[in-house]
Amino acid sequence: MPELPEVETIRQDLSCLIVGRKVLAIATDTPGKILPSLELVKKAVVGSTIKRIDRRAKLLQLILDNGKVIAFHLKMSGRLLVRKVGEEKDDWQHIVITLSEGLELRFADMRKFGWMKLFLSREDLKKVLTEYGPEPLSDLTLKKFREILEANGRAIKIVLMDQEKIAGIGNIYANEALFLAKIDPRTPADKIKEKQAAALFLAIEKVLRLGLRYRGASDRYYLDALGQKGHFQEHFLVYGRQGKECGSCKGMIKRIALGGRGTFYCPSCQK
DNA sequence: AATCGTTCCTGATAGC
DNA sequence: TGCTATCAGGAACGAT
């Protein structure tokens with residue numbers, strides 16, 4: 001599932017591939033996934049040029065030269081693919097944005113949880129973006145991190161995945177970071193000691209950077225903008241490894257449900 | 001205000 | 001073998 005490293009990898013790809021291209025047309029077979037509506041989006045963006053690609057949390061934004069912004073949320077299974085016009089249709093392809101010079105930006109989504117949304121101005125977008133917590137790789141400091149933990153009594157894994165608290169961390173990176181920091185995912189955030197908080201702060205940075213280095217985790221559906229898999233899934237220490245041996249203590253990785261999400265940890269390493 | 005349950009959707013998997 | 005039922009899961013939303 002696309003989290004910060006996956007969305008950032010796509011952002012970098014799109015920056016190289018489609019910045020400077022003009023939007024010629026938009027088509028879809030799932031109009032409900034285009035907000036506020038296909039017609040309004042067409043009217044606002046067809047004819048404009050893509051100036052820049054930004055990312056904030058898991059939200060990807062095409063910044064257009066007319067001041068409008070198109071944002072995408074990939075949710076569980078969304079893909080943004082750059083293809084040449086006429087190339088074979090992609091699996092679960094639902095939105096096609098035709099660009100100048102024979103390219104297409106395709107939004108494909110097996111689960112159909114993802115969406116595309118028009119923002120009429122940078123100010124409108126900014127309002128939404130301020131609702132996200134700090135970016136863990138650029139804005140978050142240890143001091144700020146400790147304040148977040150102290151202010152929240154819910155399980156640490158729930159807090160890590162809460163986009164209003166910290167932006168961009170999803171299930172995979174939350175599980176992996178907690179393993180590296182040797183913290184039980186159920187520990188109430190406000191009960192985490194100073195030393196453990198510092199270890200977790202570093203572990204978050206480490207797993208996110210590792211995810212970026214491997215161009216994301218293609219656990220199930222994730223592909224980069226050219227349709228290539230990432231490789232971080234080959235280095236998972238706990239995620240999806242229930243019943244397997246812990247690489248650190250030779251105990252067995254356990255799976256539990258936390259906040260309705262699959263949670264993976266080593267009971268003997270993570271106290 | 002904080003937190004919980006429900007909803008969206010479809011492929012994978014379990015059970016018979 | 002082939003059918004049906006269940007489940008997973010990010011985040012918005014309504015309910016408590």
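Because only heavy atoms are used, hydrogens play no part in the values below, and waters and symmetry mates are left out as well, while side chains stay in. Below, chains carry the letters A, B, ... as their sequence lines are ordered, and counting in each starts from 1.
Under the ring-ring contact (aromatic ring centres under 6.0 Å, His included) criterion, A:Phe113 pairs with no residue at all, not counting sequence neighbours. Contacts of A:Tyr265 classified as ring-ring contact (aromatic ring centres under 6.0 Å, His included), with partners at least two apart in sequence or in another chain: none. Scored by the salt bridge (Lys or Arg N to Asp or Glu O under 4.0 Å) test, A:Arg83 finds A:Asp90 as partners (sequence neighbours excluded). In this view, A:Thr30 and A:Thr28, A:Lys33, A:His94, A:Lys112 satisfy the side-chain contact (heavy atoms from CB on, under 4.5 Å) rule, not counting sequence neighbours. Every residue meeting the side-chain contact (heavy atoms from CB on, under 4.5 Å) condition with A:Arg261, not counting sequence neighbours, appears here in chain and number order: A:Lys157, A:Met161, A:Asn171. Under the side-chain contact (heavy atoms from CB on, under 4.5 Å) criterion, A:Glu245 pairs with A:Lys250, sequence neighbours left out.
The distance from atom CZ of A:Arg220 to atom P of C:dC7 is 15 Å, rounded to the nearest whole Å. Atom pair A:Met110:CE and C:dC7:C1' shows a separation of 12 Å (rounding to whole Å applied).
Using a 4.0 Å cutoff to heavy atoms of chain A, the contacted part of DNA chain B runs 5' to 3' from B:dT3 to B:dG11.
A:Ser268 places none of its side-chain heavy atoms less than 4.5 Å from the side chain of A:Cys246.
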Just distance, no hydrogens or angles: give the donor-acceptor pairs under 3.5 Å from side chains in residues 190-207 of chain A, sequence neighbours left out.
residue: A:Glu205; atom: OE2; partner: A:Arg209; partner atom: NE; Å: 3.0
residue: A:Glu205; atom: OE2; partner: A:Arg209; partner atom: NH2; Å: 3.3

With a 3.5 Å cut-off and sequence neighbours excluded, list the donor-acceptor pairs that the side chains of residues 65-72 of chain A form with protein atoms.
residue: A:Asp65; atom: OD1; partner: A:Thr49; partner atom: N; Å: 2.9
residue: A:Asn66; atom: OD1; partner: A:Lys68; partner atom: N; Å: 3.1
residue: A:Asn66; atom: ND2; partner: A:Ala44; partner atom: O; Å: 2.9

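For the salt bridge (charged side-chain N to carboxylate O under 4.0 Å, His left out) condition, the pairs that include at least one residue of residues 165-181 of chain A, sequence neighbours left out, are A:Asp162-A:Lys165.
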Generate the contact string for nucleotides 10-16 of chain C. Rules: B means base contact, S means sugar-phosphate contact only, - means no protein heavy atom under 4.0 Å. BB-----
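For the pair A:Arg154 and A:Asp109, both in contact range of DNA chain B, the more 5′-proximal nearest nucleotide belongs to A:Arg154. With DNA chain B read from its 5' end, the first of the two nearest nucleotides for A:Asn152 and A:Lys112 is the one closest to A:Asn152.
A heavy atom closer than 4.0 Å to some atom of DNA chain C occurs in no member of residues 207-215 of chain A.
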